*Asks:* 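I have a structure here, written as structure tokens, and I will follow up with some questions on it.
Predicted model only: the values in this text are computed from it and were never measured. Just so you know, ligand 1 is whichever comes first in the structure, and atom 1 is the first atom listed for that ligand. Nothing fancy with the numbering, it's 1 onward along the sequence.
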Amino acid sequence: MIATTPPGQARWSSRAAFVLAATGSAVGLGNLWRFPTEAGMNGGGAFVFFYILFVALIAAPLLLSETLIGRHGQRSTIASAAYLARQSGASPAWSALAIVGLIANTLILTFYGVVAGWVLYFVYTSGADLLGAIVGGQPLAGAYATESVDHIRTLMPNLFANPVLLVGLQFLFMAATTLIVARGVKGGIEAAAVWLMPAFFILLLAITVYAAITGDFGAALTFLFTPDFERALQPGVLSAALGQAFFSLSLGGGAMIAYGAYASRDTNLGSTSGIIAFADSGVAIIAGLAIFPIVFSVGLEPNAGPTLMFQTLPAAFHAMPGGALVGFLFFVLAFFAALTSSVSLLEISVAWVTEKFRMSRFNAAMLMGILVFLIGLLSALSFNLLADQRPIPFVPGFENANWFDAIDGMTSRLFLPLSGLITAIFIGWFADRKLVNAETGLSGPVLVMWRFLIAWVCPLAVAAILVIGLFPGLLG
Ligand code: PFF
């Protein structure tokens with residue numbers, strides 16, 4: 001057979017595919033929506049400080065561990081972990097890390113689809129608004145220019161008051177995710193990752209500059225970067241910061257194991273993991289710097305919760321020249337950012353079901369997509385019909401949590417770190433040293449450092465935070 005592309009180019013394309021797919025998975029609603037929400041609810045600076053520390057010392061080393069398990073195994077997440085264990089003469093039971101992860105990711109997608117549905121709502125309303133502006137001969141008007149700021153703030157409550165619409169939007173997003181996964185993630189998502197993610201990044205930067213100039217940037221900087229360490233030791237802040245580090249980098253659920261399998265042999269997993277971790281936290285901080293200046297200038301409370309992003313940015317688009325266009329573009333690109341993450345959430349279980357039950361990819365995707373949608377109804381209805389239900393009042397810190405908060409909190413604060421803990425112990429102590437070291441692409445002091453982080457710092461720190469999270473009384 002005659003090769004149609006030179007080998008060098010083919011290799012370049014697959015290396016880029018891995019970096020882009022992994023970054024596409026990492027950058028999503030976790031950065032735009034969840035990071036500001038969590039930072040706002042956990043006191044700002046202390047949360048951000050520990051979040052950055054945990055990304056550097058725990059999440060980045062784990063990202064490398066997950067991608068190397070995937071590239072070595074070239075199978076579904078559970079099979080890849082079991083394969084490396086067997087090759088290392090260790091028990092295949094280590095694949096438990098991927099089982100916990102599979103459950104976590106499936107549950108995460110149940111509420112992720114709900115929030116992505118909110119994004120779709122703003123795609124729709126801002127699109128209709130833009131159309132109105134163009135028809136009215138004012139294509140560069142601010143968003144919702146004919147409405148008052150008070151009206152813009154009522155968009156979210158209005159949406160929450162309409163369960164049918166909420167569920168319909170969630171359904172649309174889950175249908176898009178399911179169809180892409182049914183056709184195979186690799187082909188479906190590359191184009192979005194190559195073109196839309198960079199466009200999104202540039203737009204976000206521009207919005208941040210605007211927010212910095214027109215909003216209360218000083219108050220935002222103080223809030224985000226002045227750590228109150230006493231606050232950090234209150235129950236919940238540490239586990240929130242750790243959970244956010246895992247969630248934002250798509251760790252613990254196996255997404256990075258699955259995407260590691262795309263990486264070509266000559267990709268340096270060590271340096272690539274560093275770049276992805278840096279880029280992902282950078283986007284989160286930039287999103288925070290876009291949102292908090294507006295929070296303070298329009299007089300919102302930082303701890304407004306999950307609606308924070310949706311109440312601040314539309315207000316900024318309202319005041320911005322050309323805001324109708326910018327707002328619409330922002331929500332469209334946010335939708336694609338969510339989609340490149342949600343496919344990685346669904347892919348894990350679909351790959352496993354396909355392998356385990358010899359089901360076609362299409363059927364497996366339909367089965368899991370429908371299951372996730374149905375469980376997601378609990379989260380979608382947490383803001384109206386089921387608002388009074390408290391599913392896990394016996395878990396410390398979750399006494400007042402509705403379904404949405406319970407599923408979000410339990411997965412990110414418990415399941416993901418638990419899976420990460422098992423991964424760190426496995427890679428640090430039980431997996432074949434030579435084999436693992438060779439996969440990392442690291443050498444010299446950096447390799448020694450990584451080994452120290454993964455064998456000692458990750459297990460001890462994650463275990464400590466898990467225990468503190470479960471028994472908050474320990475901190476007094
Ligand atoms: N990292 C994604 C985000 O920040 O939006 C969410 C996510 C994707 C979490 C994949 C976990 C995962 F496996």
*Asks:* Between Phe200 and Phe336, is the gap from one ring center to the other below 6.0 Å?
*Replies:* no
*Asks:* Could you tell me whether Tyr124 and Phe331 have their ring centroids closer than 6.0 angstrom?
*Replies:* no
*Asks:* Step by step, would you call Glu439 with Arg265 a salt bridge (charged side-chain N to carboxylate O under 4.0 Å, His left out)?
*Replies:* CA-CA 9 Å; Glu439 284 284 357; Arg265 294 243 49 97; 2.9 Å; yes
*Asks:* Quick one: list whatever passes salt bridge (Lys or Arg N to Asp or Glu O under 4.0 Å) with Asp280, sequence neighbours left out.
*Replies:* none
*Asks:* When you measure from the side chain of Thr312 to the backbone of Ile291, do you find a donor-acceptor pair of N or O atoms at a distance under 3.5 Å?
*Replies:* no
*Asks:* Sort out the contact shell of ligand 1: every protein residue with a heavy-atom distance below 4.0 Å, listed by chain and number.
*Replies:* Ser25, Ala26, Gly28, Leu29, Gly30, Asn31, Asn105, Tyr112, Phe247, Ser248, Ser250, Ala255, Ser341, Ser344, Leu345
*Asks:* Measure the spacing between CD of Gln74 and OG of Ser80 and express it to the nearest 0.5 Å.
*Replies:* 7.5 Å
